[in-house]
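Only one structure is covered here, and it is reproduced in the block below.
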Amino acid sequence: MTLDHLALARSTLDRAAERRTEPGLLDALLADPSTATLLVDGDLAPVIATSAVTRLVVTDPVTALEFTHQAWDGASGRVERLYLGRDAGGREHVVLARLAPPVPGDGLPKGLPAGPASPEHALPGTRWAGLREVGALLDDTGAGLVTASVAMAHWHAGHRFCSRCGARTHAVQAGWARECSRCGAEHYPRTDGAVIMAIGDPDDRILLGRQARWPEKRYSCLAGFVEPGESLEAAVRREAWEEARVLVGEVEYRGSQPWPFPASLMLGFRARAVSTDITVDGEELASARWWTREELALDVATGEVLLPPAVSIARRLVEDWYGAVLRDGGGVWR
């Protein structure tokens, strides 16, 4: 059995892709007061959070459009519209996403707004929150809505020019494609496959590593992007060797979930090492080591190891190997 109920793989909406080419679809939906309208500001969405529950807030089109005019007009960036689909009750969903222009010389994630135009600009009674913070706390519908919306916001922000001729592009197909204004080429959202693996050794220890840019105590599963012409299993073996000089034999698929920062699909595996000596590359990994279950439980409880958050497939892979939920102790995810 594969991992189920992964935090960001819980979408419940019917995407109704056949509607995307309907002329005037977004205008019609935004004129209908029954349409559920989600606001997204870069990586953030509005939530109501209490001690008991964290809930995504959607509103009616009039309220959402008034908010964009009052809070986002004059701010850097622009608003893109996207048709998300319909829920089980037949209610249609649309997102209005604020995009910021990329900063010259910076990568796409830095070019997106890190927060709302002003902290006070939020729907009444709500606050802005990102998927890393609340993705595991939202219900299935809410998690799916924000995951798709953030992924598409990243894509629109980085694809305003045609890769064939360099002219400007504009959104078509209810926000699910972009068309070049000069050559007419159509461009579609990209998803980058990345493998992530819980590597065990013959003694059933787990291998975890720490990236150089992470805080001292944060450890996670090894991971990396799939290269052109490469199978998933080959990518698992290559990444383990490149990052830690560990040879991997058996590879078993465990599950997948989107990671829209900006456009990854994380493909999770268990893998069995046939060598245990570790030599980190010093670039991808600053350090790595093997843990027994008892050692990892103790280090997590005392804060000596900071595991990935519950929203990540990495956490689920570690707990899948461990055989139970690991309770964090004094360590704080940051």
Side-chain angles (χ1 to χ4, degrees), residues 8-9 11 15-27 38 40-44 68 72 75-85 94-114 130-131 144-196 223-232 234-235 238-239 242 256-267 283-284:
L8 302 187
S11 177
R15 297 197 175 196
E18 71 279 0
R19 298 206 65 191
R20 295 174 185 172
T21 56
E22 290 182 20
L25 174 64
L26 288 171
D27 289 335
L38 172 65
V40 168
D41 196 358
D43 285 347
L44 308 178
T68 66
W72 292 346
S76 61
R78 70 199 192 286
V79 177
E80 286 287 1
R81 309 180 304 170
L82 177 74
Y83 174 57
L84 294 175
V94 169
V95 64
L96 301 177
R98 184 175 78 93
L99 312 181
V103 177
D106 281 350
L108 176 58
K110 295 181 180 179
L112 285 170
L131 276 173
L145 286 171
V146 182
T147 301
S149 299
V150 169
M152 292 300 292
H154 278 288
W155 178 70
H156 278 292
H159 290 78
R160 283 176 288 182
F161 297 93
C162 179
S163 59
R164 293 185 180 181
C165 72
R168 286 192 174 273
T169 61
H170 59 275
V172 294
Q173 297 189 28
W176 286 91
R178 297 188 71 85
E179 184 176 273
C180 178
S181 58
R182 179 187 297 160
C183 71
E186 288 188 345
H187 304 277
Y188 293 89
R190 186 190 72 189
T191 297
D192 299 325
V195 294
I196 183 166
F225 287 105
V226 182
E227 295 186 345
E230 185 175 48
S231 71
L232 300 178
R238 174 181 54 78
E239 288 290 344
E242 289 179 357
S256 67
Q257 79 164 9
W259 189 249
F261 306 109
S264 297
L265 177 64
M266 304 303 298
L267 303 149
E283 296 180 5
E284 291 289 334

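A quick note: this is a predicted structure, and the numbers were derived from the prediction, not measured.
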Check whether any side-chain heavy atom of [X] sits under 4.5 Å from a side-chain heavy atom of [Y], and report yes or no.
X	Y	value
Pro260	Leu131	yes
Arg78	Arg160	yes
Leu96	Val40	no
His187	Cys162	yes

### Task
For the pair Arg20 and Glu22, find out whether any cationic side-chain nitrogen is under 4.0 Å from an anionic carboxylate oxygen.
no
### Message
Under 4.0 Å between a side-chain nitrogen and a carboxylate oxygen: does that hold for Arg238 and Glu227?
### Response
yes
Any donor-acceptor N/O pair, [X] side chain to [Y] backbone, under 3.5 Å:
X	Y	result
His156	Gly175	yes
Trp176	Tyr83	yes
Ser256	Met266	no
Gln257	Leu8	yes

### Message
Side chains of Arg178 and His170 only: does a donor on one sit below 3.5 Å from an acceptor on the other?
### Response
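No donor-acceptor contact under 3.5 Å links the two side chains.
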#### Entry: Residues which pass side-chain hydrogen bond (donor to acceptor under 3.5 Å, both in side chains) with Glu186, listed by chain and number, not counting sequence neighbours
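Glu186 satisfies side-chain hydrogen bond (donor to acceptor under 3.5 Å, both in side chains) with Tyr188 only.
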### Pairing residues for Phe161 by the side chain to side chain contact (heavy atoms under 4.5 Å, CB included) criterion, not counting sequence neighbours
Arg168
Using residues 144-153 as the side-chain source, report each donor-acceptor pair under 3.5 Å to any protein atom, sequence neighbours left out, with the distance given to one decimal.
| unit_1 | atom_1 | unit_2 | atom_2 | d |
| --- | --- | --- | --- | --- |
| Thr147 | OG1 | Ala143 | O | 2.7 |
| Ser149 | OG | Leu145 | O | 2.7 |

### Query
Any idea which heavy atoms bring Glu239 and Val195 closest together, and the distance?
CG-CG2, 4.4 Å
